[in-house]
Amino acid sequence: MTIDLSQLLSSAAESVAITAIIDTALCVGAGGSTGSLADKPIVRTADKKLLIPASQIKGRLRHECEKLARGLGWPVCDSPKADTMCPQLAGFSESQKTDFHREDYRLASYPEGRQHHCLICQIFGNPTLPSRVLFSDLICHQDPDTLAEVLRPGVTINRSRQTAEDQKLYFLETSPANLQLQFNGEIYFQPGCHQGRNR
């Protein structure tokens, strides 16, 4: 079953269509085998179309925004662990926590002691603050029957000895390379997100 995010959002939400063109072999592994010869098959929709999960797109975009914010000298929490994110900031010194007590980090609707959230959390959310942007999965609409199954072998490495383990051969499924597959999806901006985006 496909969920249409636009039906769950306020009518005032804005959306931006995004397209990713993948030229290399994509390997986003699924949880278990689904009739494939691969030990780790590629993740697909219910109708077997290739997809890039929304969580991976959001995580990558958040990471890049964190780098930009730090480069501009803005205090940023330490995602993705909940206790090191706003407003807990575990592991931060008292002087570092004081840097987060800025007016543009303050959300008056939250109780005292939990009001300050960095600009990244204000956009992407954290365990106590909902995200202002939502992402849909990026789906490749090319007929899956026209895409060959590609298997790549791998060997489990023993980390302590830095050598290959005996009898630990496995196969990963990837998308075909050099096809410039297009994956399409959308980013939805909740009302009030402009304030966070324009800072």
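In this text the structure is predicted, and so the values were computed from the model without any measurement.
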List for me each residue that meets side-chain hydrogen bond (donor to acceptor under 3.5 Å, both in side chains) alongside [X], sequence neighbours excluded, and say none if there are none.
{"X": "Thr174", "value": "none"}
{"X": "Asn184", "value": "Thr19"}
{"X": "Thr146", "value": "Gln142"}

Heavy atoms only: give me the nearest [X]-[Y] pair and the separation to one decimal.
{"X": "Ser175", "Y": "Thr24", "value": "OG-O, 3.9 Å"}
{"X": "Pro176", "Y": "Val150", "value": "CA-CG2, 3.9 Å"}
{"X": "Pro87", "Y": "Gly113", "value": "CB-O, 4.3 Å"}
{"X": "Gln180", "Y": "Asp23", "value": "CG-OD1, 3.4 Å"}
{"X": "Cys118", "Y": "Cys86", "value": "N-SG, 3.2 Å"}

Subject >> Pairs meeting criterion side chain to side chain donor-acceptor pair (under 3.5 Å) with involvement of residues 106-120, two or more places apart >> reply: Arg106-Gln115, His117-Asn126
Common cluster, [X]/[Y], ILVMFWY with side-chain heavy-atom separation under 4.5 Å:
{"X": "Ile21", "Y": "Ile57", "answer": "no"}
{"X": "Ile42", "Y": "Ile22", "answer": "yes"}
{"X": "Ile18", "Y": "Ile123", "answer": "yes"}

Tell me whether [X] at atom [atom1] has more than 12 heavy atoms from other residues, nucleotides or ligands lying less than 6.0 Å away.
{"X": "Lys168", "atom1": "NZ", "answer": "no"}
{"X": "Glu64", "atom1": "CD", "answer": "yes"}
{"X": "Arg60", "atom1": "CZ", "answer": "no"}
{"X": "Asp166", "atom1": "CG", "answer": "no"}

Quick check for you: to the nearest 0.5 Å, what is the distance between [X] atom [atom1] and [Y] atom [atom2]?
{"X": "Ile52", "Y": "Phe135", "atom1": "CD1", "atom2": "CZ", "value": "13.0 Å"}
{"X": "Ile187", "Y": "Ser15", "atom1": "CD1", "atom2": "OG", "value": "10.0 Å"}
{"X": "Gln88", "Y": "Thr128", "atom1": "CD", "atom2": "OG1", "value": "6.0 Å"}
{"X": "Asp143", "Y": "Lys48", "atom1": "CG", "atom2": "NZ", "value": "11.5 Å"}
{"X": "Cys27", "Y": "Leu172", "atom1": "SG", "atom2": "CG", "value": "4.5 Å"}

Are any of the side-chain heavy atoms of [X] and [Y] separated by less than 4.5 Å?
{"X": "Pro130", "Y": "Gln190", "value": "no"}
{"X": "Arg62", "Y": "Pro80", "value": "no"}
{"X": "Ile120", "Y": "Gln122", "value": "no"}
{"X": "Pro53", "Y": "Leu51", "value": "yes"}
{"X": "Thr163", "Y": "Ile157", "value": "no"}
{"X": "Leu61", "Y": "Lys58", "value": "no"}
{"X": "Ser79", "Y": "Phe124", "value": "no"}
{"X": "Leu181", "Y": "Leu50", "value": "yes"}

Original post:
Taking only residues two or more places apart in sequence or in another chain, which ones pass side chain to side chain contact (heavy atoms under 4.5 Å, CB included) with Lys49?
Top reply: Thr45, Asp47, Ile139, His141, Pro144
Are the side chain of [X] and the backbone N or O of [Y] linked by a donor-acceptor pair below 3.5 Å?
{"X": "Glu173", "Y": "Leu151", "answer": "no"}
{"X": "Ser131", "Y": "Leu134", "answer": "no"}
{"X": "Thr84", "Y": "Asp78", "answer": "yes"}

**OP:** Report the C-alpha distance between Cys77 and Leu89 in whole Å, list the side-chain angles of each, state the deciding distance to 0.1 Å, and finish with yes or no for side chain to side chain contact (heavy atoms under 4.5 Å, CB included).
**Re:** CA-CA 7 Å; Cys77 66; Leu89 301 175; 3.7 Å; yes
**OP:** Determine, stepwise, if the pair Gln182 / Cys140 fulfils side chain to side chain contact (heavy atoms under 4.5 Å, CB included).
**Re:** CA-CA 6 Å; Gln182 288 194 14; Cys140 178; over 6 Å; no
Original post:
Does a donor on one side chain and an acceptor on the other come within less than 3.5 Å for Tyr188 and Glu186?
Top reply: yes
Subject >> Flag for Glu165-Asn158: side-chain donor and acceptor within less than 3.5 Å >> reply: yes
Original post:
Who passes ring pair (Phe, Tyr, Trp, His ring centres under 6.0 Å) against Phe92, sequence neighbours left out?
Top reply: Phe100
**OP:** Assess whether side chain to side chain contact (heavy atoms under 4.5 Å, CB included) is satisfied between Trp74 and Leu68, documenting all intermediate values.
**Re:** CA-CA 9 Å; Trp74 297 339; Leu68 287 172; over 6 Å; no
